[in-house]
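For reference, the structure discussed in these notes is given below.
Since the structure is predicted, the reported quantities are computational estimates derived from the model, not experimental observations. Chain A is the first sequence line, chain B the second, and so forth, proteins listed ahead of strands; every chain is numbered from 1.
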Number of protein chains: 2
Amino acid sequence: MADLNKLLTPLFLNEGEIRKIIELLFFSYRDFTEGPDKVLEKINFGRAHHRVIYFVGKQKNLTIKELLSILKITKQSLSRVLNQLVNEKYIILSVGEDKRTKKLILSKKGQELEKRLSEIQIKRIRNVLLKFNEMDINGFKKIMYEMVDEINR
Amino acid sequence: MADLNKLLTPLFLNEGEIRKIIELLFFSYRDFTEGPDKVLEKINFGRAHHRVIYFVGKQKNLTIKELLSILKITKQSLSRVLNQLVNEKYIILSVGEDKRTKKLILSKKGQELEKRLSEIQIKRIRNVLLKFNEMDINGFKKIMYEMVDEINR
DNA sequence: TTATTTAGGTCAGCCATATTGACTTAATTA
DNA sequence: TAATTAAGTCAATATGGCTGACCTAAATAA
């Protein structure tokens, strides 16, 4: 049965091939976060701060609840990071139309940091993509998209 | 200049498109590690234990030094995790030919855990790849490979 | 209108993963 | 014989998570 399976499995679905992908995911994610991490370290922030800045930058007037559901962490975890970002004026809070909610936006300072951090990753990815044609890139994007849980897409 | 750049930049290299990839990397990595994490939690292990088990399983008779260079963590960080794995008999140590070194191998118990954890990720990836043709998969693999720092490939 | 739910906040304690720095032992190599 | 290497250990620290308990204020449902 095992032998039969091996015969019928296309090469690219072989366990060995898939294990290569597992490793690529691990190494590429590690290398991908390394650049911003170094910048963040200098201002005593961490990866968690980057995530918050990234998503607040992306969606202006995000609420706390929305941010929590994107990051999938508890509000207690978010609070330390967010309070630091607010205290140090990277993020500005305002009251929402529903007065229980708060809207988050990046300050000028926050936008600058966001840009500085994301640019590292954007350049990195752009440099990779430049080496490939549209067909390869389409395959990459489609498959990456499917790699995310349906619920989170 | 900015406008000219936009005109000359192929669509798939637009900042917006690249930001989508940044997000896909974040979400896919998170979802990718979720399954094993849940299993590990039950036996009071974490993601770090999985990494050690994975690479020891991959390369029999790995030395501590080699493992450290793959994981890129300090030996102090590794020690807690590795000692737990050795104490709980998932990993067996033996003295290398160079008697300063130690060789790491998975015990039967370790192999079983490795299989259980990796199978979650293998199935996940296989299910994704099954939806695509060889062309897409090739693009995906080639680009993922380039996403890893040259030094680490 | 009152009761319930929701959004957000906070305190306390805990755990996992990582770091730096200092120091030791034993084996190998120059 | 001296220097280097592989591994191990102790201590202190940072970061990023978690649970549980509890609070306030605002919106919504009964």
Give every residue pair that meets the ring pair (Phe, Tyr, Trp, His ring centres under 6.0 Å) criterion with at least one member in residues 94-136 of chain B, sequence neighbours excluded. none

Any salt bridge linking A:Lys38 with A:Glu34? Criterion: basic side-chain nitrogen under 4.0 Å from a carboxylate oxygen. yes

Between protein and nucleotides 11-19 of chain C, map the contacts as a letter string: B base, S sugar-phosphate only, - none, heavy atoms under 4.0 Å, written 5' to 3'. B----SBBB

What are the residues of residues 64-71 of chain B, sorted by number, that bring a heavy atom to within less than 4.0 Å of DNA chain D? B:Ile64, B:Lys65

Residue pair B:Thr101 / B:Ile64, side-chain heavy-atom distance below 4.5 Å: no

Check for me whether B:Arg51 meets the cation-pi criterion with B:Phe55, that is, NZ or CZ under 6.0 Å from the six-membered ring centre and within 45 degrees of the ring axis. no

Partner set under ring pair (Phe, Tyr, Trp, His ring centres under 6.0 Å) for B:Tyr54, not counting sequence neighbours: none

Is there any salt bridge (Lys or Arg N to Asp or Glu O under 4.0 Å) pair reaching into residues 64-89 of chain A, and which pairs are they, with sequence neighbours excluded? none

Between C1' of C:dT5 and CG of A:Asp98, the distance in whole Å: 12 Å

Ionic contact status for A:Glu112 with A:Lys109, cut-off 4.0 Å: no

Using a heavy-atom cut-off of 4.0 Å to chain B, what are the terminal contacting nucleotides of DNA chain D, in 5' to 3' order? D:dT5 to D:dC10

Approximate separation, where rounding is to 0.5 Å, of A:Lys103 NZ and A:Leu93 CG: 11.5 Å

Can you classify the ring geometry of A:Phe45 versus A:Tyr90 as parallel (below 30°), tilted (30 to 60°) or perpendicular (above 60°)? perpendicular

Using whole Å, report how far NZ of A:Lys102 lies from C1' of C:dT6. 14 Å

Answer yes or no: is there an ion pair linking B:Arg19 with B:Glu15, defined by an N-O contact shorter than 4.0 Å? yes

NA contact type, A:Asp37, heavy-atom cut-off 4.0 Å: base, sugar-phosphate, or nothing? nothing

